[in-house]
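Below you'll find the structure, written out as structure tokens, and then a few comments.
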Amino acid sequence: MLKTLSGNTHYVITGCAIVKGDKCVSFSVKSEVEFYPLSEEEINAYLDTDEPYDKAGSYGIQAKGALLVKE
């Protein structure tokens with residue numbers, strides 16, 4: 001997955017629903033994310049952190065994965 005994302009742009013859609021009783025408000029935001037080109041060594045170093053293994057897209061931008069993201 002990280003090899004596929006390397007040097008490319010992709011979209012991340014974040015969704016939220018707030019429910020109280022019978023009322024529901026929901027929304028989503030689409031974000032464009034551009035990755036730096038990553039070397040094999042950089043990918044392996046990130047994999048060694050164990051951070052990507054519980055992420056749907058194999059990275060988390062909130063922590064160490066932010067270092068992979070150009071924009």
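Scope of the values below: all heavy atoms of this structure, side chains included, with no hydrogens, waters or symmetry mates. The model shown is predicted, which means the values in this text are computed figures rather than measured ones. Count residues from 1 along the sequence.
Met1 and Tyr53 end up in the same hydrophobic cluster when Ile, Leu, Val, Met, Phe, Trp and Tyr side chains are linked at under 4.5 Å. Residue Leu67 is not grouped with residue Val33 when hydrophobic side chains (ILVMFWY) are merged at heavy-atom distances under 4.5 angstrom, including chains of intermediate members. Follow the hydrophobic side-chain contacts under 4.5 Å out from Val12 and you reach Tyr36 in the same cluster.
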Residues Ile61, Leu68; criterion side-chain contact (heavy atoms from CB on, under 4.5 Å); working and verdict | CA-CA 8 Å; Ile61 199 167; Leu68 312 175; over 6 Å; no

Test Lys70 against Phe35 for side-chain contact (heavy atoms from CB on, under 4.5 Å), laying out the working first.
-> CA-CA 5 Å; Lys70 182 175 181 180; Phe35 260 49; over 6 Å; no

Stepwise side-chain contact (heavy atoms from CB on, under 4.5 Å) test for Leu38 and Tyr46 = CA-CA 10 Å; Leu38 305 172; Tyr46 184 60; over 6 Å; no

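The closest side-chain heavy-atom distance from Leu47 to Pro52 is below 4.5 Å.
Side chain of Lys55 to main chain of Glu51: a donor-acceptor pair is present (N/O by atom type, distance under 3.5 Å, no hydrogens or angles).
Qualifying side chain to side chain contact (heavy atoms under 4.5 Å, CB included) partners for Ile18, counting only residues two or more places apart in sequence or in other chains: Cys16.
The list of side-chain hydrogen bond (donor to acceptor under 3.5 Å, both in side chains) pairs with a residue in residues 56-69, not counting sequence neighbours, reads His10-Tyr59.
Atoms OH and CD, on Tyr11 and Glu32 in that order, are 4.0 Å from each other to the nearest 0.5 Å. Separating the CG atom in Leu2 from the CG atom in Asn44 is a distance of 9.5 Å, to the nearest 0.5 Å. Note that CD of Glu71 and OG of Ser31 are 11.5 Å apart. Values are rounded to the nearest 0.5 Å.
With a 6.0 Å radius and a threshold of 12 heavy atoms from other residues, nucleotides or ligands, Lys3 has its NZ atom at or below the threshold.
In plain terms, the two heavy atoms of Cys24 and Ala17 that are nearest each other are SG-CB, 4.4 Å.
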